[in-house]
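Any value given below was found using the heavy atoms of this structure, including those in side chains, with hydrogens, waters and symmetry copies removed. Protein chains get the first letters and strands the later ones, always in sequence-line order, with residue 1 at the start of each. A quick note: this is a predicted structure, and the numbers were derived from the prediction, not measured.
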Amino acid sequence: MSRVLVCVAWPYANGPIHVGHVTGSLLPADIFARFNRLVGNEVIMVSGSDMHGAPITVSADKEKVSPEEIANRYHEINLKAINDMGICFDMYTHTHTENHGEEVRKVFVKLMEDGYLKRMTTPQYHCSDCGRFLPDRYVEGRCPHCSYDRARGDQCDSCGMDLNAEELIDARCQLCGAKPELRDTEHFFLKLSGFTDQLLKYVEGSSHWRPHVRAFTLNVLKEGLIDRPITRDISWGVPVPVQGFESKRIYVWFEAVIGYLSATKEWAKAKASEDDWSRYWKDEDCRSYYFLGKDNIVFHTIIWPAILLGNGGLNLPYDVVANQFMNLGGQKFSKSMGVSIDIPDLLTKFSPDVVRYYLIANMPEFKDSEFSWEDFAQRTNGELVATYGNFIHRTLSFTFKNYGVVPTRGALDERDRAALERISRAEKDMRESLSACRFRDAMKSVMDLAQFGNQYFDAVAPWTLIRSDKERCGTVLGVSLEICKALAVLGSPFMPFSSEKIWHDVGMEGSVVESGWNGTKTPLKEGKKMEKPVPLFAKVEVPLSGGFAKYSALDLRIGKVIEVERHPNADKLYVMKVDIGRPITIVTGLKDFYSAEELSSKTLVIVSNLEPAKLRGVKSEGMLLAAEVGGGLALLTPESDLPPGTPVTSGLEVGSKTISFKEFQELDIRVGSLAGGSPPKLDIGPRTVSCATERGEVGRKYAALVQDESAVVMHAKGDIKIVFDRDIPVGARVR
RNA sequence: AGCGGGGUGGGGUAGCUUGGAAAUCCCAUCAGGCUCAUAACCUGAAGAUCGUUGGUUCAAAUCCAACCCCCGCUACCA
């Protein structure tokens, strides 16, 4: 019996939470907390919505509402989503409470008094019309590097240089257009550098941390910490408790982490035992676990510990359980499928346990993982439904049909005893994995038990026994029900809703949560009437992304190069004029591959409806297609001459809207070699796909639009195919 | 290009920190079994140059170096 504080990174109240939040921090924390409660530890789990900071004020300005309104809206939405996911907090608050403000104030003052803060004055733009200091991104002006007229104070969109707002020429306020003036402004800085040695010792002593968390932190520490400002000239946030700082607020990164402490205190107040918070923060036997995504590591392994060290007397994080990212790339995720990925939306389509199962099975614990609908369906249907759900259901329905009550268990034979031992082994495995925060492994040991259940059930074949020896049959069903019950208990941290249902269906009273870990040992209620079982999970169906429709967004044209010049402002770029039926300007990065003379005679394939973009100050109105691999590059060109402007449709519909560069990048165009056969095959390097195009020269390399297991050779009307001006390996990607 | 994460049977993965016999599991394939169960379950088989090259070692998927490729964020990518 011990005490555990579970802290979860604070979701930002500027949008609904998505699978990344759940699989990265909320879900592992919930499993860990549930597991600890199950084994009888004292646990509280705390977090809340991070309500302050610039992005929320930006959203608020956009919608012309108060920041508070935005923050409250998403707080409510997320609170509900968290609840619906079965994520069980002892306190889920937010950072805009009186309590939190007070706590932040206290910590701030303590650090200030003990000399861990310093004041520094820096110049900053102030707009007298708006009556406020302007964050760098709200200042606009001419870029000192490229003369672009609408550069922002943090960065120039045109040439990409990082800027300081003071460098801008003719700066103006982006909100009202007035000319702002530079004013000195004073801020507090946290003297992080002074903590370096203590932190090094702390991190080096934490050998139980995940390797990537520890290595990353040590790396940052060795590079040297810099003192960081912890106040800002903004109006949305926690006030600075110092005279003369009435117009300023505490910077969110400093303030939000203090939420762990303030939330614990709020929890203690709510249960009317105010001092209970200290049992979780001052008692050195209490371990604190922090669950977050890898983008958040330094805040929890450096900044928060530094604040705690400065404050004194409070426990440092025992473990910082940072997950990697679950990526949502790969096109399969697009909204065009009618399924987006935020949690409120996901839960309208799938039950929380199904979502939880997949997110655990695919949790990015040690490396990034990829969410895909195909995988989601496969794992749900093949593992959760077919192994776990099916074992429970075949046991329950057979028992119900033949007995109607929980059968009486007679003498056990060797196999039965082995089965019961197998339950103990699963318990032990799961306990070990979860104690080490290995969630996938832990759930695997539960699934393995379900699979064992199927093996046992098959081996004892109750459908035969029922005709020959009903008493013995009752015994094996009793053992099977034991396994079901164990699955309910062991599965409860992962799939709490179904666990309760199983618990009830095998005839147990109360709940798994109440019975705790010992539920596996609590005897079945023999003779208790059963209810007609309903399958726990249904198979899921997800829409498949079909066909080559996505390529229809492209409007490809034949283009002839008119002239080629060097980019005035970049060494690697050319500025080209190309005739695609009309002359356009294209900026390209081909300098390493082609001389201007070589290029000037080329006939190319151009994406004509790409969103124009400024590259280093020059507007590019399109993009030429080239295949690239390793150090090699080849341009796409028609196999025989075509007039400029000829559409390259590849037999598909042609898009009329402009497409973004990002959308373009999601398309998979590759160099493929035609392999013949019927239907013809196309070798695209790592694999061979079927080719939807009829003719073509076997062995020749063509540009191909790839979609899953099939591909279309890119061609213009008259079946003029697209080839390359140089040799390039099969499989090279076109971009 | 920079930062981060990877490359292990057809697909997806475990193992790598702390080198060591026949490399894990899921799906797909093939052969069998069962018929209680949601065409679900169980058994068996085939299938891997552990990205490439070099190094350290008695021994490398595992450690070191270089290179190649893939993914995410960023960018003088278009």
*Asks:* Side chains of Y456(A) and V476(A): closer than 4.5 Å at any heavy-atom pair?
*Replies:* yes

*Asks:* Rounded to the nearest angstrom, tell me the gap between atom CE in M326(A) and atom P in U13(B).
*Replies:* 11 Å

*Asks:* All N/O contacts under 3.5 Å from nucleotides 15-17 of chain B to the protein, with atom names and distances to one decimal?
*Replies:*
residue: G15(B); atom: OP1; partner: R438(A); partner atom: NH2; Å: 3.3

*Asks:* Rounded to whole angstrom units, what separation is found between the CG atom of N296(A) and the P atom of G4(B)?
*Replies:*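 After rounding, the reported distance stands at 18 Å.
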
*Asks:* What are the two closest heavy atoms between V540(A) and A377(A), and how far apart are they?
*Replies:*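 Heavy atoms only, the tightest pair is CG2-CA, 3.9 Å.
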
*Asks:* Any non-hydrogen side-chain atom of T380(A) less than 4.5 Å from a side-chain atom of F350(A)?
*Replies:* no

*Asks:* Return the residues of residues 457-486 of chain A meeting this criterion: a heavy atom under 4.0 Å from some atom of RNA chain B. Order them by number, or give none.
*Replies:*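 Hits under 4.0 Å, by residue number: F457(A), D458(A), W463(A).
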
*Asks:* V385(A) side chain: which of U38(B), G11(B), U13(B) is closest?
*Replies:* U38(B)

*Asks:* Would you say S480(A) and T395(A) are linked by a side-chain donor-acceptor pair, where the criterion is simply a distance under 3.5 Å?
*Replies:*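 Short answer, no.
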
*Asks:* Going from CE on M443(A) to CE on M363(A), what distance comes out if it is rounded to the nearest 0.5 angstrom?
*Replies:*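 One gets 8.0 Å once the value is rounded to the nearest 0.5 Å.
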
*Asks:* When all nucleic acid strands are considered with a 4.0 Å heavy-atom cut-off, which category describes N390(A): base, sugar-phosphate, or nothing?
*Replies:* base

*Asks:* Taking atom P in both A60(B) and A22(B), compute the distance separating them and give it to the nearest angstrom.
*Replies:*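 Pairwise P distance, A60(B) against A22(B), rounds to 12 Å.
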
*Asks:* When the C1' atoms of C26(B) and A14(B) are considered, how many whole Å apart are they?
*Replies:* 11 Å

*Asks:* Whole angstroms only, please: what is the CD-C1' distance between E365(A) and A14(B)?
*Replies:*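 So the CD-C1' distance, E365(A) to A14(B), works out to 12 Å.
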
*Asks:* Can you tell me, in whole Å, how much space there is between the C1' of A61(B) and that of G19(B)?
*Replies:*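 Approximately 10 Å lies between the C1' atom of A61(B) and that of G19(B).
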
*Asks:* Do I360(A) and M495(A) touch side chain to side chain, with heavy atoms closer than 4.5 Å?
*Replies:*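 I360(A) does not reach M495(A) side chain to side chain.
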
*Asks:* Take F325(A) and A386(A), find for each the nucleotide of RNA chain B with the closest heavy atom, and name the residue whose nucleotide sits nearer the 5' end.
*Replies:* A386(A)

*Asks:* Roughly how many Å apart are C25(B) and G72(B), using the P atom of each and rounding to a whole number?
*Replies:*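 Rounded to whole Å, the distance is 31 Å.
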
*Asks:* Whole-Å distance between G6(B) C1' and K294(A) NZ?
*Replies:*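 For the pair K294(A) NZ and G6(B) C1', the rounded distance is 10 Å.
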
*Asks:* If you measure from the C1' atom in U13(B) to the same atom in C3(B), how many Å do you get, rounded?
*Replies:* 26 Å

*Asks:* Nearest whole angstrom, please: distance from the C1' of U43(B) to the CZ of F452(A).
*Replies:*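 Spelled out: CZ on F452(A) to C1' on U43(B) is 15 Å.
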
*Asks:* Report the distance from atom CG of D342(A) to atom NE2 of H21(A), rounding to the nearest 0.5 Å.
*Replies:* 11.0 Å

*Asks:* For R415(A), does the CZ atom sit with more than 12 other heavy atoms under 6.0 Å from it, leaving out its own atoms?
*Replies:*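 No, the 6.0 Å shell around CZ holds no more than 12 heavy atoms from other groups.
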
*Asks:* Just to be sure I understand the geometry, which residues of residues 392-403 of chain A put a non-hydrogen atom under 4.0 Å away from RNA chain B?
*Replies:*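 Here the set is H393(A), R394(A), S397(A), F398(A), K401(A).
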
*Asks:* Per the salt bridge (charged side-chain N to carboxylate O under 4.0 Å, His left out) rule, what does the pair list look like for residues 205-214 of chain A, sequence neighbours excluded?
*Replies:* R210(A)-E365(A)

*Asks:* Calculate the interatomic distance between R379(A) atom CZ and U13(B) atom P; express it in whole Å.
*Replies:* 9 Å

*Asks:* Quick one: is C41(B) close enough that its OP1 or OP2 comes under 4.0 Å of any side-chain N or O from Q451(A)?
*Replies:*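 So the side chain of Q451(A) is outside the cut-off, no N or O lying under 4.0 Å from OP1 or OP2 of C41(B).
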
*Asks:* In whole angstrom, give the distance that lies between atom CD of Q455(A) and atom C1' of C36(B).
*Replies:*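 Computing the Q455(A):CD to C36(B):C1' distance gives 17 Å.
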
*Asks:* Say we look at U18(B) and G4(B): how far apart would their C1' atoms be, to the nearest angstrom?
*Replies:* 25 Å

*Asks:* Of the nucleotides A40(B), G5(B), C76(B), which one has an atom closest to the side chain of L573(A)?
*Replies:* C76(B)

*Asks:* Using the C1' atom in both, what is the distance from C30(B) to C50(B), to the nearest Å?
*Replies:*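 Each nucleotide's C1' atom is 25 Å from the other's.
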
*Asks:* Are any of the side-chain heavy atoms of L635(A) and Y594(A) separated by less than 4.5 Å?
*Replies:*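 Of all side-chain heavy-atom pairs linking Y594(A) with L635(A), at least one is under 4.5 Å.
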
*Asks:* Give a yes or no on this: more than 12 heavy atoms of other residues, nucleotides or ligands lie within 6.0 Å of atom NZ of K470(A).
*Replies:*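 Atom NZ in K470(A) is packed in, count exceeds 12.
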
*Asks:* Just checking, is any N or O donor in the side chain of Q324(A) or K294(A) under 3.5 Å from an acceptor N or O on the other one?
*Replies:*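 Side chains of Q324(A) and K294(A): pair found under 3.5 Å.
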
*Asks:* Select base, sugar-phosphate, or nothing to describe what L384(A) touches, counting heavy atoms under 4.0 Å on all strands.
*Replies:* nothing

*Asks:* Does a side-chain N or O from K444(A) land closer than 4.0 Å to OP1 or OP2 of U24(B), or not?
*Replies:*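 The answer is no; no side-chain N or O of K444(A) sits under 4.0 Å from OP1 or OP2.
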
*Asks:* Determine the interatomic distance between P on G51(B) and the same-named atom on U8(B); round to the nearest Å.
*Replies:*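 The answer is 6 Å between these two P atoms.
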
*Asks:* Do N390(A) and F537(A) come within less than 4.5 Å of each other through their side chains, counting heavy atoms only?
*Replies:*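 No. Closest side-chain heavy atoms not under 4.5 Å.
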
*Asks:* Can you tell me how far CE of M576(A) sits from CD1 of I562(A), rounded to the nearest 0.5 angstrom?
*Replies:*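 These two atoms lie 10.0 Å from each other.
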
*Asks:* What integer distance in Å separates M443(A):CE from A14(B):P?
*Replies:* 14 Å

*Asks:* Side chains of F724(A) and L636(A): closer than 4.5 Å at any heavy-atom pair?
*Replies:* yes

*Asks:* Dot-bracket for RNA chain B: what is it, with Watson-Crick or G-U pairs under 3.5 Å, [ ] where a pair crosses earlier ones, and | for a pair to another strand?
*Replies:* ((((((((.[[[..)....(....]]].(((((.......))))).....[[[[[..)....]]]]])))))))....

*Asks:* Please list, chain by chain and in numerical order, all residues satisfying ring pair (Phe, Tyr, Trp, His ring centres under 6.0 Å) with Y358(A), sequence neighbours excluded.
*Replies:* F371(A), F376(A)

*Asks:* Once you apply a heavy-atom cut-off of 4.0 Å, does V587(A) come out as touching a base, just sugar-phosphate, or nothing?
*Replies:* sugar-phosphate

